[in-house]
Student: 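Take this structure, written in C-alpha coordinates, and hold onto it; I'll ask about it next.
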Amino acid sequence: HVTKVCTILIIMISTMKAFGVSGSPPHKDDTAWGEICQQKFSPSNQNQVRATVTGNIATEEVDVAIVGGGLVGLALAIGLTRAGINCAVYERAPRLRSVSQGILAVKPIGMQALEDIHPDIPNRVVEVGCERLRSMRTDVDAEGNVKDVVNENLGVEDEAKYGRKRVGITWHNMQQVLASLLPPGMVKTGRSLSSFEEEEDSVTLRFEGEEATVRCNVALMCDGVFSTARTQLFPEDKVVYFGQLNWGSVVRTDSLPPAIHPPNAVRYCQYSGEPKWMAMLNDGGGGYTFFQLRISDPEKALALSGNGGRGGLGLSGAIERLSPIVEPCRDVASVLASVSEEQIFERSIVGRRPAPTWLGPRKRVALVGDAAHGMHPNIGQGANTGFESVRNLIRTLAECEGDLRAGLATYERGHKPRADLVQSFANLMGCVQSQQKELLPKEVVLQLLDWINTDDDAKLPTEEALDVIRKFDPLSQRGVSLIE
(Lines give C-alpha, C1' and ligand atoms only; values in the text may rest on other atoms or scores of the structure.)
Protein backbone atom coordinates (compact mmCIF):
# COMPACT_ATOMS: atom_id res chain seq x y z
CA HIS A 1 0.00 0.00 0.00
CA VAL A 2 2.91 2.39 0.71
CA THR A 3 4.21 1.88 -2.83
CA LYS A 4 0.77 2.57 -4.29
CA VAL A 5 0.33 5.72 -2.18
CA CYS A 6 3.67 7.05 -3.44
CA THR A 7 2.69 6.25 -7.02
CA ILE A 8 -0.63 8.07 -6.60
CA LEU A 9 1.15 11.15 -5.17
CA ILE A 10 3.55 11.23 -8.13
CA ILE A 11 0.64 10.93 -10.55
CA MET A 12 -1.28 13.71 -8.78
CA ILE A 13 1.70 16.09 -9.02
CA SER A 14 2.07 15.30 -12.73
CA THR A 15 -1.67 15.83 -13.17
CA MET A 16 -1.49 19.31 -11.66
CA LYS A 17 1.11 20.19 -14.28
CA ALA A 18 -1.14 19.01 -17.09
CA PHE A 19 -3.84 21.31 -15.75
CA GLY A 20 -1.74 24.44 -15.83
CA VAL A 21 0.95 24.20 -13.13
CA SER A 22 4.39 24.88 -14.57
CA GLY A 23 6.82 22.07 -15.23
CA SER A 24 8.48 20.12 -18.02
CA PRO A 25 6.36 17.92 -20.27
CA PRO A 26 7.07 14.19 -20.36
CA HIS A 27 9.53 12.94 -22.94
CA LYS A 28 8.27 11.90 -26.38
CA ASP A 29 9.08 8.31 -27.21
CA ASP A 30 10.34 7.40 -30.66
CA THR A 31 7.35 5.83 -32.37
CA ALA A 32 6.10 5.22 -35.86
CA TRP A 33 3.38 7.80 -35.21
CA GLY A 34 5.96 10.36 -34.12
CA GLU A 35 8.26 9.65 -37.07
CA ILE A 36 5.40 9.98 -39.55
CA CYS A 37 3.94 13.13 -38.06
CA GLN A 38 7.20 14.99 -37.51
CA GLN A 39 7.31 15.27 -41.29
CA LYS A 40 3.77 16.65 -41.57
CA PHE A 41 3.43 19.03 -38.59
CA SER A 42 5.76 21.83 -37.52
CA PRO A 43 7.42 20.94 -34.16
CA SER A 44 7.40 24.63 -33.22
CA ASN A 45 3.60 24.56 -33.22
CA GLN A 46 3.11 21.33 -31.26
CA ASN A 47 0.81 21.73 -28.25
CA GLN A 48 0.51 25.48 -28.76
CA VAL A 49 -2.79 27.34 -28.73
CA ARG A 50 -2.49 30.50 -30.79
CA ALA A 51 -4.64 33.51 -29.92
CA THR A 52 -6.02 36.27 -32.12
CA VAL A 53 -8.33 39.18 -31.30
CA THR A 54 -10.97 40.61 -33.66
CA GLY A 55 -12.60 43.68 -32.18
CA ASN A 56 -13.04 42.72 -28.52
CA ILE A 57 -13.54 38.99 -29.12
CA ALA A 58 -10.63 36.59 -28.68
CA THR A 59 -10.25 33.49 -30.78
CA GLU A 60 -7.98 30.60 -29.85
CA GLU A 61 -6.56 28.57 -32.72
CA VAL A 62 -5.41 24.97 -32.54
CA ASP A 63 -5.12 22.18 -35.10
CA VAL A 64 -7.17 19.63 -33.13
CA ALA A 65 -9.66 20.61 -30.43
CA ILE A 66 -10.71 17.80 -28.09
CA VAL A 67 -14.00 18.51 -26.34
CA GLY A 68 -14.18 16.58 -23.06
CA GLY A 69 -11.47 15.78 -20.51
CA GLY A 70 -12.77 12.39 -19.46
CA LEU A 71 -10.85 9.16 -20.02
CA VAL A 72 -11.26 9.10 -23.80
CA GLY A 73 -10.43 12.79 -24.27
CA LEU A 74 -7.27 12.59 -22.17
CA ALA A 75 -6.11 9.36 -23.83
CA LEU A 76 -6.64 10.99 -27.21
CA ALA A 77 -4.58 14.02 -26.17
CA ILE A 78 -1.74 11.74 -25.01
CA GLY A 79 -1.59 9.89 -28.31
CA LEU A 80 -1.88 12.98 -30.50
CA THR A 81 0.86 14.70 -28.51
CA ARG A 82 3.16 11.73 -28.98
CA ALA A 83 2.35 11.83 -32.69
CA GLY A 84 3.37 15.48 -32.85
CA ILE A 85 -0.12 16.76 -33.62
CA ASN A 86 -1.03 20.13 -32.11
CA CYS A 87 -4.07 19.72 -29.83
CA ALA A 88 -5.82 21.07 -26.75
CA VAL A 89 -8.52 19.67 -24.44
CA TYR A 90 -11.59 21.67 -23.39
CA GLU A 91 -13.28 20.27 -20.27
CA ARG A 92 -16.45 21.65 -18.68
CA ALA A 93 -15.56 20.62 -15.09
CA PRO A 94 -13.61 23.18 -13.06
CA ARG A 95 -11.02 20.60 -12.04
CA LEU A 96 -10.08 16.95 -12.30
CA ARG A 97 -11.87 14.49 -10.02
CA SER A 98 -10.17 13.50 -6.78
CA VAL A 99 -12.95 11.07 -5.79
CA SER A 100 -15.50 8.99 -7.66
CA GLN A 101 -18.16 6.39 -6.94
CA GLY A 102 -17.40 4.24 -9.97
CA ILE A 103 -14.83 1.76 -11.21
CA LEU A 104 -13.89 0.39 -14.59
CA ALA A 105 -12.51 -2.99 -15.58
CA VAL A 106 -9.79 -2.47 -18.13
CA LYS A 107 -9.81 -5.73 -20.07
CA PRO A 108 -6.82 -7.20 -21.93
CA ILE A 109 -7.88 -5.64 -25.23
CA GLY A 110 -8.32 -2.27 -23.49
CA MET A 111 -4.88 -2.59 -21.88
CA GLN A 112 -3.36 -3.31 -25.28
CA ALA A 113 -5.02 -0.22 -26.75
CA LEU A 114 -3.68 1.87 -23.86
CA GLU A 115 -0.18 0.50 -24.42
CA ASP A 116 -0.42 1.46 -28.08
CA ILE A 117 -1.47 4.97 -27.05
CA HIS A 118 1.45 5.30 -24.60
CA PRO A 119 3.68 2.44 -23.38
CA ASP A 120 3.73 3.75 -19.79
CA ILE A 121 -0.04 3.65 -19.25
CA PRO A 122 -0.53 -0.08 -18.47
CA ASN A 123 2.13 -0.14 -15.74
CA ARG A 124 0.72 2.99 -14.13
CA VAL A 125 -2.79 1.52 -14.22
CA VAL A 126 -1.57 -1.67 -12.53
CA GLU A 127 0.35 0.31 -9.90
CA VAL A 128 -2.69 2.37 -8.91
CA GLY A 129 -5.39 -0.20 -9.63
CA CYS A 130 -5.79 -3.90 -8.98
CA GLU A 131 -4.97 -6.83 -11.22
CA ARG A 132 -7.90 -9.22 -11.15
CA LEU A 133 -6.44 -12.60 -10.26
CA ARG A 134 -9.58 -14.40 -9.09
CA SER A 135 -13.35 -14.21 -9.21
CA MET A 136 -16.11 -15.23 -6.85
CA ARG A 137 -19.79 -15.69 -7.55
CA THR A 138 -22.45 -15.93 -4.83
CA ASP A 139 -25.93 -17.11 -5.82
CA VAL A 140 -28.81 -16.76 -3.36
CA ASP A 141 -32.22 -18.25 -4.18
CA ALA A 142 -35.65 -17.21 -2.91
CA GLU A 143 -35.42 -19.71 -0.02
CA GLY A 144 -32.14 -18.22 1.18
CA ASN A 145 -29.88 -21.03 -0.02
CA VAL A 146 -26.38 -19.74 -0.77
CA LYS A 147 -23.91 -21.15 -3.29
CA ASP A 148 -20.38 -19.76 -3.70
CA VAL A 149 -18.21 -20.54 -6.72
CA VAL A 150 -14.59 -19.31 -6.62
CA ASN A 151 -12.20 -19.22 -9.57
CA GLU A 152 -8.64 -18.80 -8.32
CA ASN A 153 -7.25 -18.85 -11.85
CA LEU A 154 -8.95 -15.87 -13.49
CA GLY A 155 -5.67 -13.99 -13.97
CA VAL A 156 -3.84 -17.09 -15.21
CA GLU A 157 -6.64 -17.88 -17.68
CA ASP A 158 -6.75 -14.30 -19.01
CA GLU A 159 -3.00 -14.24 -19.48
CA ALA A 160 -3.00 -17.60 -21.27
CA LYS A 161 -5.90 -16.66 -23.56
CA TYR A 162 -5.39 -12.92 -24.15
CA GLY A 163 -1.76 -12.28 -23.22
CA ARG A 164 -2.42 -10.10 -20.15
CA LYS A 165 -4.66 -9.72 -17.11
CA ARG A 166 -7.64 -7.40 -16.66
CA VAL A 167 -7.30 -4.56 -14.14
CA GLY A 168 -9.84 -2.82 -11.92
CA ILE A 169 -9.27 0.88 -11.24
CA THR A 170 -11.45 3.65 -9.85
CA TRP A 171 -12.61 6.21 -12.41
CA HIS A 172 -10.85 9.16 -10.79
CA ASN A 173 -7.55 7.28 -10.48
CA MET A 174 -7.73 6.38 -14.17
CA GLN A 175 -8.33 10.02 -15.02
CA GLN A 176 -5.36 11.03 -12.86
CA VAL A 177 -3.10 8.46 -14.53
CA LEU A 178 -3.93 9.77 -17.98
CA ALA A 179 -3.66 13.45 -17.05
CA SER A 180 -0.23 12.87 -15.52
CA LEU A 181 1.15 12.04 -18.99
CA LEU A 182 0.08 15.33 -20.59
CA PRO A 183 2.18 18.47 -21.05
CA PRO A 184 1.52 21.47 -18.80
CA GLY A 185 -1.60 23.50 -19.46
CA MET A 186 -2.98 21.24 -22.18
CA VAL A 187 -6.37 20.79 -20.47
CA LYS A 188 -8.51 23.93 -20.32
CA THR A 189 -11.05 23.48 -17.53
CA GLY A 190 -14.33 25.31 -17.00
CA ARG A 191 -15.03 25.31 -20.76
CA SER A 192 -18.49 23.87 -21.45
CA LEU A 193 -19.35 23.49 -25.14
CA SER A 194 -22.60 25.21 -26.14
CA SER A 195 -22.43 24.81 -29.94
CA PHE A 196 -20.13 24.53 -32.92
CA GLU A 197 -20.05 25.79 -36.50
CA GLU A 198 -18.55 23.40 -39.04
CA GLU A 199 -17.30 25.20 -42.14
CA GLU A 200 -15.48 24.00 -45.23
CA ASP A 201 -12.02 24.90 -43.93
CA SER A 202 -12.40 24.94 -40.11
CA VAL A 203 -14.60 24.42 -37.05
CA THR A 204 -15.54 27.13 -34.55
CA LEU A 205 -16.40 26.11 -30.98
CA ARG A 206 -18.52 28.25 -28.67
CA PHE A 207 -18.69 27.85 -24.91
CA GLU A 208 -21.31 28.67 -22.31
CA GLY A 209 -20.93 32.13 -20.78
CA GLU A 210 -18.05 33.13 -23.09
CA GLU A 211 -17.65 35.41 -26.07
CA ALA A 212 -14.23 33.91 -26.83
CA THR A 213 -14.24 31.09 -29.38
CA VAL A 214 -11.90 28.31 -30.49
CA ARG A 215 -11.15 27.75 -34.16
CA CYS A 216 -9.64 24.42 -35.18
CA ASN A 217 -8.90 22.28 -38.20
CA VAL A 218 -10.93 19.39 -36.77
CA ALA A 219 -12.94 18.92 -33.56
CA LEU A 220 -13.03 15.59 -31.71
CA MET A 221 -16.14 15.41 -29.55
CA CYS A 222 -15.48 13.28 -26.47
CA ASP A 223 -18.28 14.83 -24.44
CA GLY A 224 -19.99 11.66 -23.23
CA VAL A 225 -23.31 9.94 -23.66
CA PHE A 226 -25.21 13.24 -23.18
CA SER A 227 -23.03 14.80 -25.88
CA THR A 228 -23.88 18.39 -26.82
CA ALA A 229 -22.19 17.81 -30.17
CA ARG A 230 -24.22 14.69 -30.96
CA THR A 231 -27.43 16.50 -30.06
CA GLN A 232 -26.53 19.31 -32.47
CA LEU A 233 -25.69 16.82 -35.23
CA PHE A 234 -28.78 14.64 -34.67
CA PRO A 235 -31.49 16.54 -32.74
CA GLU A 236 -33.96 13.63 -32.94
CA ASP A 237 -31.43 11.11 -31.62
CA LYS A 238 -32.13 10.76 -27.89
CA VAL A 239 -30.34 9.06 -25.01
CA VAL A 240 -31.78 5.64 -24.12
CA TYR A 241 -32.85 4.94 -20.52
CA PHE A 242 -32.74 1.18 -19.97
CA GLY A 243 -35.16 1.19 -17.06
CA GLN A 244 -32.47 0.12 -14.60
CA LEU A 245 -30.79 1.83 -11.68
CA ASN A 246 -27.47 1.25 -9.91
CA TRP A 247 -26.56 2.22 -6.39
CA GLY A 248 -22.79 2.33 -6.01
CA SER A 249 -19.94 3.54 -3.85
CA VAL A 250 -16.16 3.35 -3.60
CA VAL A 251 -15.23 2.87 0.06
CA ARG A 252 -12.20 2.04 2.16
CA THR A 253 -11.89 -1.74 2.42
CA ASP A 254 -10.81 -1.47 6.08
CA SER A 255 -14.15 0.22 6.86
CA LEU A 256 -16.06 -2.89 5.77
CA PRO A 257 -16.58 -6.22 7.53
CA PRO A 258 -13.60 -8.59 6.97
CA ALA A 259 -13.45 -11.11 4.11
CA ILE A 260 -16.06 -9.30 1.98
CA HIS A 261 -14.06 -10.28 -1.07
CA PRO A 262 -10.77 -12.11 -1.60
CA PRO A 263 -7.79 -9.89 -2.47
CA ASN A 264 -7.44 -8.98 -6.17
CA ALA A 265 -10.91 -10.36 -6.77
CA VAL A 266 -14.10 -9.42 -8.53
CA ARG A 267 -17.14 -10.77 -6.69
CA TYR A 268 -20.68 -11.03 -8.08
CA CYS A 269 -23.68 -11.67 -5.85
CA GLN A 270 -27.03 -12.53 -7.42
CA TYR A 271 -30.47 -12.98 -5.86
CA SER A 272 -33.06 -14.95 -7.83
CA GLY A 273 -36.05 -14.11 -5.61
CA GLU A 274 -38.22 -11.00 -5.98
CA PRO A 275 -37.16 -8.41 -6.78
CA LYS A 276 -34.19 -9.90 -8.64
CA TRP A 277 -30.93 -8.07 -8.16
CA MET A 278 -27.19 -8.39 -8.58
CA ALA A 279 -24.38 -6.78 -6.64
CA MET A 280 -20.64 -6.37 -7.08
CA LEU A 281 -18.08 -6.33 -4.28
CA ASN A 282 -14.79 -5.75 -6.09
CA ASP A 283 -11.26 -5.03 -4.99
CA GLY A 284 -10.57 -1.61 -6.48
CA GLY A 285 -6.89 -1.38 -5.54
CA GLY A 286 -5.18 1.03 -3.16
CA GLY A 287 -7.19 -0.26 -0.20
CA TYR A 288 -10.60 0.50 -1.77
CA THR A 289 -13.64 -1.65 -2.53
CA PHE A 290 -16.26 -0.96 -5.17
CA PHE A 291 -19.83 -1.75 -4.12
CA GLN A 292 -22.69 -1.72 -6.60
CA LEU A 293 -26.30 -2.89 -6.45
CA ARG A 294 -28.50 -3.17 -9.55
CA ILE A 295 -32.24 -3.92 -9.48
CA SER A 296 -33.25 -5.79 -12.64
CA ASP A 297 -36.99 -5.03 -12.83
CA PRO A 298 -37.64 -1.53 -14.28
CA GLU A 299 -40.79 -0.79 -12.24
CA LYS A 300 -39.31 -2.00 -8.96
CA ALA A 301 -36.07 -0.12 -9.55
CA LEU A 302 -37.99 3.10 -10.18
CA ALA A 303 -40.03 2.58 -6.99
CA LEU A 304 -36.76 2.45 -5.00
CA SER A 305 -35.32 5.61 -6.54
CA GLY A 306 -34.68 8.62 -4.37
CA ASN A 307 -35.80 11.12 -7.01
CA GLY A 308 -37.91 9.48 -9.67
CA GLY A 309 -35.08 7.69 -11.51
CA ARG A 310 -32.96 10.76 -12.21
CA GLY A 311 -30.16 9.60 -9.90
CA GLY A 312 -27.76 11.57 -7.74
CA LEU A 313 -25.25 11.41 -4.90
CA GLY A 314 -26.28 11.06 -1.26
CA LEU A 315 -30.03 10.83 -1.81
CA SER A 316 -31.87 10.72 1.50
CA GLY A 317 -33.35 7.39 2.58
CA ALA A 318 -31.32 5.18 0.19
CA ILE A 319 -30.11 2.77 2.86
CA GLU A 320 -33.56 2.48 4.43
CA ARG A 321 -35.13 1.69 1.04
CA LEU A 322 -32.46 -0.78 -0.09
CA SER A 323 -31.73 -2.69 3.14
CA PRO A 324 -34.82 -4.96 2.99
CA ILE A 325 -34.01 -5.76 -0.65
CA VAL A 326 -30.48 -7.06 0.03
CA GLU A 327 -31.27 -8.78 3.34
CA PRO A 328 -31.17 -12.30 1.79
CA CYS A 329 -27.40 -11.94 1.18
CA ARG A 330 -25.59 -11.33 4.46
CA ASP A 331 -22.38 -9.91 2.92
CA VAL A 332 -24.18 -7.42 0.67
CA ALA A 333 -26.41 -6.36 3.58
CA SER A 334 -23.40 -5.84 5.85
CA VAL A 335 -21.62 -3.71 3.23
CA LEU A 336 -24.70 -1.54 2.71
CA ALA A 337 -24.96 -1.08 6.49
CA SER A 338 -21.30 0.02 6.60
CA VAL A 339 -21.51 2.62 3.83
CA SER A 340 -22.37 6.22 4.56
CA GLU A 341 -25.50 7.36 2.74
CA GLU A 342 -23.60 10.43 1.53
CA GLN A 343 -21.26 8.07 -0.38
CA ILE A 344 -23.97 6.22 -2.32
CA PHE A 345 -24.50 7.34 -5.90
CA GLU A 346 -27.78 6.41 -7.57
CA ARG A 347 -27.18 6.12 -11.30
CA SER A 348 -29.64 5.67 -14.15
CA ILE A 349 -28.44 3.13 -16.72
CA VAL A 350 -28.32 4.96 -20.03
CA GLY A 351 -26.73 4.56 -23.44
CA ARG A 352 -27.20 5.21 -27.13
CA ARG A 353 -28.28 3.36 -30.22
CA PRO A 354 -25.75 3.30 -33.10
CA ALA A 355 -25.48 6.69 -34.80
CA PRO A 356 -26.01 7.00 -38.56
CA THR A 357 -22.52 8.51 -38.80
CA TRP A 358 -19.83 9.73 -36.41
CA LEU A 359 -18.90 12.68 -38.62
CA GLY A 360 -20.32 16.12 -39.25
CA PRO A 361 -21.56 17.09 -42.73
CA ARG A 362 -18.17 18.57 -43.72
CA LYS A 363 -16.18 15.74 -42.11
CA ARG A 364 -14.34 18.07 -39.71
CA VAL A 365 -16.23 17.05 -36.57
CA ALA A 366 -16.05 13.51 -35.18
CA LEU A 367 -17.78 11.82 -32.27
CA VAL A 368 -15.49 9.71 -30.09
CA GLY A 369 -16.06 7.42 -27.08
CA ASP A 370 -19.48 7.44 -25.42
CA ALA A 371 -20.55 10.33 -27.64
CA ALA A 372 -20.20 7.93 -30.57
CA HIS A 373 -21.02 4.54 -29.04
CA GLY A 374 -22.30 4.91 -25.47
CA MET A 375 -23.65 1.50 -24.43
CA HIS A 376 -25.24 -0.46 -21.60
CA PRO A 377 -22.53 -1.33 -19.03
CA ASN A 378 -23.62 -4.97 -18.64
CA ILE A 379 -20.64 -6.47 -20.48
CA GLY A 380 -18.18 -3.87 -19.13
CA GLN A 381 -17.03 -2.76 -22.55
CA GLY A 382 -17.74 0.98 -22.68
CA ALA A 383 -14.32 2.33 -21.68
CA ASN A 384 -12.49 -0.49 -23.45
CA THR A 385 -14.23 0.25 -26.74
CA GLY A 386 -13.45 3.92 -26.14
CA PHE A 387 -9.72 3.15 -25.76
CA GLU A 388 -9.84 1.09 -28.96
CA SER A 389 -11.48 4.02 -30.77
CA VAL A 390 -8.79 6.39 -29.52
CA ARG A 391 -5.97 4.08 -30.61
CA ASN A 392 -7.48 3.69 -34.09
CA LEU A 393 -8.21 7.41 -34.45
CA ILE A 394 -4.65 8.35 -33.51
CA ARG A 395 -3.31 5.93 -36.09
CA THR A 396 -5.46 7.33 -38.89
CA LEU A 397 -4.60 10.94 -38.03
CA ALA A 398 -0.90 10.10 -37.79
CA GLU A 399 -0.92 8.43 -41.19
CA CYS A 400 -3.11 10.90 -43.09
CA GLU A 401 -0.18 13.01 -44.40
CA GLY A 402 -1.54 16.15 -42.77
CA ASP A 403 -5.07 15.82 -44.20
CA LEU A 404 -6.88 15.48 -40.87
CA ARG A 405 -10.32 15.46 -42.48
CA ALA A 406 -9.32 12.44 -44.56
CA GLY A 407 -8.01 10.84 -41.38
CA LEU A 408 -11.41 11.20 -39.71
CA ALA A 409 -13.13 9.54 -42.67
CA THR A 410 -10.67 6.63 -42.48
CA TYR A 411 -11.28 6.32 -38.72
CA GLU A 412 -15.04 6.01 -39.18
CA ARG A 413 -14.78 3.64 -42.12
CA GLY A 414 -12.38 1.33 -40.34
CA HIS A 415 -13.74 1.25 -36.78
CA LYS A 416 -17.45 2.04 -36.80
CA PRO A 417 -18.67 -1.42 -37.91
CA ARG A 418 -16.95 -3.12 -34.96
CA ALA A 419 -17.97 -0.45 -32.43
CA ASP A 420 -21.60 -0.52 -33.65
CA LEU A 421 -21.74 -4.30 -33.20
CA VAL A 422 -20.23 -4.15 -29.70
CA GLN A 423 -22.67 -1.36 -28.79
CA SER A 424 -25.72 -3.25 -30.06
CA PHE A 425 -24.59 -6.46 -28.34
CA ALA A 426 -24.03 -4.63 -25.03
CA ASN A 427 -27.48 -3.05 -25.25
CA LEU A 428 -29.05 -6.43 -26.01
CA MET A 429 -27.30 -8.12 -23.08
CA GLY A 430 -28.35 -5.30 -20.76
CA CYS A 431 -31.96 -5.93 -21.75
CA VAL A 432 -31.46 -9.68 -21.21
CA GLN A 433 -30.52 -8.86 -17.62
CA SER A 434 -33.53 -6.63 -16.99
CA GLN A 435 -36.10 -8.71 -18.89
CA GLN A 436 -34.81 -12.04 -17.52
CA LYS A 437 -35.23 -13.75 -20.87
CA GLU A 438 -32.84 -15.20 -23.40
CA LEU A 439 -32.51 -13.15 -26.60
CA LEU A 440 -29.50 -15.05 -28.00
CA PRO A 441 -28.31 -18.66 -27.66
CA LYS A 442 -25.59 -19.04 -25.03
CA GLU A 443 -23.00 -20.24 -27.57
CA VAL A 444 -23.53 -17.06 -29.64
CA VAL A 445 -23.05 -14.91 -26.52
CA LEU A 446 -19.77 -16.68 -25.74
CA GLN A 447 -18.58 -16.30 -29.32
CA LEU A 448 -19.32 -12.58 -29.28
CA LEU A 449 -17.52 -12.06 -25.97
CA ASP A 450 -14.48 -13.92 -27.30
CA TRP A 451 -14.50 -11.81 -30.48
CA ILE A 452 -14.77 -8.59 -28.47
CA ASN A 453 -11.77 -9.57 -26.35
CA THR A 454 -9.60 -10.62 -29.30
CA ASP A 455 -10.82 -8.56 -32.28
CA ASP A 456 -10.42 -11.74 -34.33
CA ASP A 457 -13.14 -11.87 -36.98
CA ALA A 458 -12.65 -15.62 -37.30
CA LYS A 459 -14.41 -15.89 -33.91
CA LEU A 460 -17.59 -14.14 -35.07
CA PRO A 461 -20.80 -16.20 -35.01
CA THR A 462 -22.98 -16.78 -38.06
CA GLU A 463 -24.26 -13.88 -40.14
CA GLU A 464 -27.79 -14.83 -39.07
CA ALA A 465 -26.88 -14.29 -35.41
CA LEU A 466 -25.11 -11.03 -36.22
CA ASP A 467 -28.20 -9.83 -38.05
CA VAL A 468 -30.28 -10.37 -34.88
CA ILE A 469 -27.84 -8.22 -32.92
CA ARG A 470 -27.60 -5.44 -35.50
CA LYS A 471 -31.39 -5.17 -35.76
CA PHE A 472 -31.98 -5.23 -32.01
CA ASP A 473 -33.84 -2.17 -30.76
CA PRO A 474 -33.78 -1.72 -26.97
CA LEU A 475 -36.98 0.34 -27.21
CA SER A 476 -38.84 -2.89 -28.01
CA GLN A 477 -38.21 -4.04 -24.44
CA ARG A 478 -40.36 -3.34 -21.37
CA GLY A 479 -39.33 -0.30 -19.33
CA VAL A 480 -36.88 1.09 -21.90
CA SER A 481 -37.52 4.65 -23.08
CA LEU A 482 -35.91 7.75 -24.56
CA ILE A 483 -34.87 10.69 -22.42
CA GLU A 484 -36.45 13.80 -23.87
Side-chain angles (χ1 to χ4, degrees), residues 65-68 70 72-73 76 193-200 203-205 216 218-242 349-377 379 381-382 384-386 388-390 392-393 396-397 400 403-431 448 452 457 460 463 465-477 480-484:
I66 300 170
V67 176
V72 163
L76 191 50
L193 181 74
S194 60
S195 65
F196 65 87
E197 296 169 12
E198 188 184 22
E199 300 169 353
E200 190 60 34
V203 181
T204 299
L205 306 180
C216 53
V218 296
L220 308 178
M221 304 302 192
C222 310
D223 52 342
V225 71
F226 288 95
S227 168
T228 297
R230 180 160 173 163
T231 298
Q232 181 173 328
L233 287 172
F234 312 111
E236 302 304 315
D237 177 33
K238 307 296 184 183
V239 174
V240 176
Y241 168 55
F242 287 97
I349 305 300
V350 297
R352 290 277 192 174
R353 293 174 292 178
T357 177
W358 290 347
L359 304 182
R362 292 177 173 81
K363 317 302 182 189
R364 291 191 176 277
V365 170
L367 303 175
V368 191
D370 281 349
H373 45 66
M375 63 188 73
H376 193 290
I379 63 171
Q381 200 57 34
N384 293 284
T385 302
E388 284 187 71
S389 295
V390 168
N392 294 344
L393 178 53
T396 61
L397 294 180
C400 70
D403 187 348
L404 298 179
R405 183 159 60 168
L408 295 186
T410 303
Y411 152 70
E412 179 182 53
R413 189 166 55 249
H415 188 55
K416 191 173 187 295
R418 171 175 166 82
D420 281 356
L421 184 57
V422 174
Q423 182 183 19
S424 294
F425 177 63
N427 291 348
L428 182 149
M429 294 304 296
C431 290
L448 259 296
I452 288 170
D457 286 349
L460 281 169
E463 193 60 37
L466 294 179
D467 196 48
V468 171
I469 296 166
R470 293 188 181 109
K471 290 181 177 178
F472 175 74
D473 184 0
L475 294 176
S476 66
Q477 305 299 305
V480 181
S481 60
L482 297 177
I483 298 177
E484 298 296 335

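Reckoned from all heavy atoms, side chains included, excluding hydrogens, waters and symmetry mates.
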Student: Using side-chain contact (heavy atoms from CB on, under 4.5 Å) as the criterion, list what pairs up with S227, not counting sequence neighbours.
Tutor: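 Here the qualifying residues are D223, A229, R230, L367, A371.
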
Student: Can you measure from CG (L76) to CD1 (I66) and round to the nearest 0.5 angstrom?
Tutor: 4.0 Å

Student: Which atoms form the tightest heavy-atom contact between V72 and G386, and what is the distance?
Tutor: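 Smallest heavy-atom distance, with atoms named: CG2-CA, 3.9 Å.
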
Student: Holding to ring-ring contact (aromatic ring centres under 6.0 Å, His included), I want the full list of residues that pass it with Y411, two or more places apart in sequence or in another chain.
Tutor: W358

Student: Can you confirm whether T410 sits close enough to C400 that some side-chain heavy atom of one is under 4.5 Å from a side-chain heavy atom of the other?
Tutor: no

Student: How long is the gap from OG1 on T385 to CD on Q423, to the nearest 0.5 Å?
Tutor: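 These two atoms lie 9.0 Å from each other.
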
Student: V240 versus N427: any side-chain heavy-atom pair under 4.5 Å?
Tutor: no

Student: Output, in order, the C-alpha distance, side-chain angles, deciding distance and verdict of side-chain hydrogen bond (donor to acceptor under 3.5 Å, both in side chains) for T204 and E199.
Tutor: CA-CA 8 Å; T204 299; E199 300 169 353; 4.7 Å; no

Student: Rounded to the nearest 0.5 Å, what separation is found between the CE atom of M429 and the CE atom of M375?
Tutor: 14.0 Å

Student: Considering the options K416, R418, H415, which one meets the side-chain hydrogen bond (donor to acceptor under 3.5 Å, both in side chains) requirement together with S389?
Tutor: H415

Student: If you compare all heavy atoms of A409 against all heavy atoms of L359, which two are closest, and at what distance to 0.1 Å?
Tutor: CA-CD1, 3.9 Å

Student: Can you sort out the partners of T231 under side-chain contact (heavy atoms from CB on, under 4.5 Å), two or more places apart, ordered by chain and number?
Tutor: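 Once residues adjacent in sequence are excluded, the partners of T231 under the side-chain contact (heavy atoms from CB on, under 4.5 Å) criterion are R352.
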
Student: Quick one: which residue pairs count as a salt bridge (charged side-chain N to carboxylate O under 4.0 Å, His left out) with a foot in residues 466-475, not counting sequence neighbours?
Tutor: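 Those involving residues 466-475 are R353-D473, E463-R470, D467-K471.
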
Student: Quick one, L408 and L220 - any side-chain contact, counting heavy atoms below 4.5 Å?
Tutor: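 Side-chain contact under 4.5 Å: yes.
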
Student: So, for T396 and G407, which heavy atoms are closest and what is the spacing to 0.1 Å?
Tutor: OG1-O, 3.2 Å

Student: How many angstroms lie between CD1 in I469 and CG in L428, if you round to the nearest 0.5 Å?
Tutor: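 Taking CD1 in I469 and CG in L428, the distance rounds to 6.5 Å.
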
Student: Would L448 and I379 count as a side chain to side chain contact (heavy atoms under 4.5 Å, CB included) here? Give the steps.
Tutor: CA-CA 11 Å; L448 259 296; I379 63 171; over 6 Å; no

Student: If we only count heavy atoms from C-beta on, is the P361 to L233 side-chain gap below 4.5 Å?
Tutor: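 Yes - at least one pair of side-chain heavy atoms lies under 4.5 Å apart.
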
Student: To the nearest 0.5 angstrom, please state how far the OG atom of S424 sits from the NE2 atom of H373.
Tutor: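 Output value for this atom pair is 12.0 Å.
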
Student: Minimum heavy-atom separation for F242 and G351, please, with both atom names.
Tutor: CE1-N, 3.6 Å

Student: With no hydrogens and no angle check, is any side-chain donor or acceptor of Q381 less than 3.5 Å from a backbone partner on A426?
Tutor: no

Student: Quick check: closest heavy atoms across F234 and P356, and the distance to 0.1 Å?
Tutor: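 For F234 versus P356, the nearest heavy atoms are CE2-CG, 3.6 Å.
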
Student: Tell me the closest heavy-atom pair linking V350 and F226, and the distance in Å.
Tutor: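 Minimum heavy-atom separation between V350 and F226: CG2-CE1, 4.1 Å.
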
Student: Nearest 0.5 Å, what's the OH-CG distance between Y241 and L482?
Tutor: 13.0 Å

Student: With a 4.5 Å limit on heavy-atom distance, are the side chains of T228 and V67 in contact?
Tutor: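 Of all side-chain heavy-atom pairs linking V67 with T228, none is under 4.5 Å.
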
Student: Can you list every salt bridge (charged side-chain N to carboxylate O under 4.0 Å, His left out) pair that touches residues 359-375, not counting sequence neighbours?
Tutor: E200-R362

Student: Kindly write out the residues that satisfy side chain to side chain donor-acceptor pair (under 3.5 Å) with S195, not counting sequence neighbours, or none if the list is empty.
Tutor: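 With neighbours one apart ignored, the set is empty.
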
